[in-house]
Amino acid sequence: MEKKYISTRNQQKEINFYQAIVQGIGSDGGLLVPDFDFTKMDLEALMKLDYVDLATEVLSTFVPEDGKELIHEACKNAYGKGLFPKNVVPVKKAGDVFVAELFHGQTAAFKDMALSLLPYLMTLSLKQLNEQREVMILAATSGDTGKAALEGFKDVPGTCIKVFYPLDGVSMIQQQQMVSQTGNNVKVIGIHGNFDDAQTAVKKAFGSQELKEASDKHNVFLSSANSINVGRLIPQIVYYFHSYFELVRNNEIKLGDEINFCVPSGNFGNCLAGYFAKQMGLPVNKFICASNKNNILTDFFTTGKYDANREFYKTNAPAMDILVSSNLERLVWFMTKDGDKVRSYMDKLNQDGVYEVDKEVFEKIKDQFKAGCLNEQEVLETIKSCYNETGYLLDTHTAVGYGVLKRYQHESGDDTKTVLLATASPYKFPESVYKAIYGEELNVYDAIDKLHEKTGVMIPKPLVGIKDREVLHKQAIDKSEIVDFIKSEIEAM
Ligand SMILES: *Cc1c(COP(=O)(O)O)cnc(C)c1O
């Protein structure tokens with residue numbers, strides 16, 4: 001059976017893996033999903049593998065039969081060449097919670113897990129398709145995607161990358177990481193607007209006839225590094241298996257026991273990858289989807305209604321500040337397997353800012369996904385109490401997960417062993433973390449030094465000396481200018 005992908009909105013079908021990677025998003029504005037049954041994995045065999053081979057086995061179930069060698073090469077390049085520690089994702093303990101640290105890549109955030117691999121998936125796909133045109137990668141970022149994508153794509157032949165970030169919506173460290181980015185094919189542009197504005201404009205660019213014509217004329221095409229790309233999603237399946245096996249290896253559980261995963265969520269890509277892992281046979285009881293004050297996902301998972309008519313808050317966990325959670329569309333597709341229905345939901349969302357799934361769909365969702373949210377004050381209190389009680393230093397995003405998990409455990413009595421996915425290093429948000437524990441407001445660089453001095457927790461290599469890096473990108477435009485800007489970049493090629 002050939003493995004084909006389909007758009008969640010049903011109007012594009014029958015495309016293969018390589019096309020899905022290169023294209024990024026469905027031609028009808030939907031997201032691309034596998035139109036084949038997930039492969040049930042042999043847990044016992046997988047458990048013996050190191051991360052590179054585990055990733056190869058998991059990922060090659062998504063590509064054409066003869067693609068396994070290519071995937072193996074890509075996984076080796078991404079995870080096996082010293083950009084990550086040896087076992088890639090260390091699993092630690094904070095009290096009785098297992099913490100899978102996804103932040104040991106090049107930018108100290110979990111986006112590295114997928115964005116270290118995506119450029120390799122992109123170049124191998126371009127080759128398979130015999131594509132001669134240059135690819136222009138567009139990425140809207142709430143902070144972490146941008147830097148991770150820039151690191152991944154810098155100086156990759158045949159590609160260039162433009163990253164758009166909200167000027168007031170990312171942390172100091174995230175901004176400094178991006179504006180100091182080197183590479184001959186990279187541009188970083190600040191946006192007057194929030195992340196949703198940037199994401200919406202980039203999605204619009206993909207649907208624009210005008211840009212399509214300009215691209216054709218200049219022998220380039222647009223693709224996406226956002227988590228709408230399947231190439232972002234599927235690498236994330238791997239660490240669900242990996243962390244599960246770590247628990248088995250450490251005699252915390254027996255192979256076959258069910259565990260829970262708690263996931264600090266924004267665009268819902270991370271959590272959705274966990275759902276894929278479960279479909280592939282990973283024994284998962286519940287997913288606990290954690291949100292900050294922007295709690296649209298919490299409301300969705302408790303009511304079945306997705307209502308974006310609400311205020312947008314800038315919080316101390318900015319990578320989770322979101323109103324339109326793109327990957328939820330994929331979950332709804334899997335729960336309905338009905339693209340016409342998904343399209344009608346998304347049309348409603350576009351027109352009225354709200355949709356509600358059918359009752360039986362909601363029942364299915366509710367059964368597997370629990371949800372909760374924390375406000376900013378609760379985030380700070382969680383960082384402090386976790387550090388004082390367990391000695392584990394949480395970043396603001398992971399703290400959202402930890403706090404939501406503790407409340408869920410208390411309220412539900414569910415004592416299933418749980419892996420919390422740690423999505424960023426505490427040193428990416430050092431002012432908030434320092435203030436949470438020691439009560440003092442410091443500037444960002446002092447906070448890094450003091451936090452290290454007092455806790456002894458290692459500063460990640462990518463953040464050492466960041467203060468002194470030269471600012472190379474100063475451009476800023478209004479959110480309304482994004483599409484025109486992309487057009488002029490295309491015309492300059
Ligand atoms: C992107 C990000 C998230 C949210 O992940 P999604 O896959 O968008 O749900 C959470 N925490 C951090 C630090 C992130 O960078």
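Everything numeric here is computed off the predicted structure, so don't read it as measured data. Whatever order the structure lists them in is the order used to number ligands and atoms, beginning at 1.
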Discussion item. Going by the rule ring-ring contact (aromatic ring centres under 6.0 Å, His included), which residues pair with Phe241 if we only count those two or more places apart in sequence or in a different chain?
Written reply: none

Worksheet item: Regarding Asn229 and Ser224, is there a side-chain donor-to-acceptor distance under 3.5 Å anywhere?
Response: no

N or O contacts of ligand 1 with protein under 3.5 Å, please list pair by pair.
{"from": "ligand 1", "atom 1": "7 (O)", "to": "Gly269", "atom 2": "N", "distance (Å)": "3.2"}
{"from": "ligand 1", "atom 1": "7 (O)", "to": "Asn270", "atom 2": "N", "distance (Å)": "2.9"}
{"from": "ligand 1", "atom 1": "8 (O)", "to": "Asn267", "atom 2": "N", "distance (Å)": "2.7"}
{"from": "ligand 1", "atom 1": "9 (O)", "to": "Gly266", "atom 2": "N", "distance (Å)": "2.7"}
{"from": "ligand 1", "atom 1": "9 (O)", "to": "Asn267", "atom 2": "N", "distance (Å)": "3.3"}
{"from": "ligand 1", "atom 1": "9 (O)", "to": "Phe268", "atom 2": "N", "distance (Å)": "2.9"}
{"from": "ligand 1", "atom 1": "11 (N)", "to": "Thr423", "atom 2": "OG1", "distance (Å)": "2.9"}
{"from": "ligand 1", "atom 1": "15 (O)", "to": "Lys111", "atom 2": "NZ", "distance (Å)": "2.6"}
{"from": "ligand 1", "atom 1": "15 (O)", "to": "Asp144", "atom 2": "OD2", "distance (Å)": "2.5"}

Worksheet item: Does a side-chain heavy-atom distance below 4.5 Å link Tyr313 with Asp321?
Response: no

Discussion item. Using the ring-ring contact (aromatic ring centres under 6.0 Å, His included) criterion, which residues pair with Phe276? Sequence neighbours excluded.
Written reply: Phe38, Phe334

Fill in: With Tyr240 via ring-ring contact (aromatic ring centres under 6.0 Å, His included) - residues at least two apart
Phe261

Practice prompt. Could you tell me whether the side chains of Gln174 and Asp144 share a donor-acceptor contact shorter than 3.5 Å?
Written response: yes

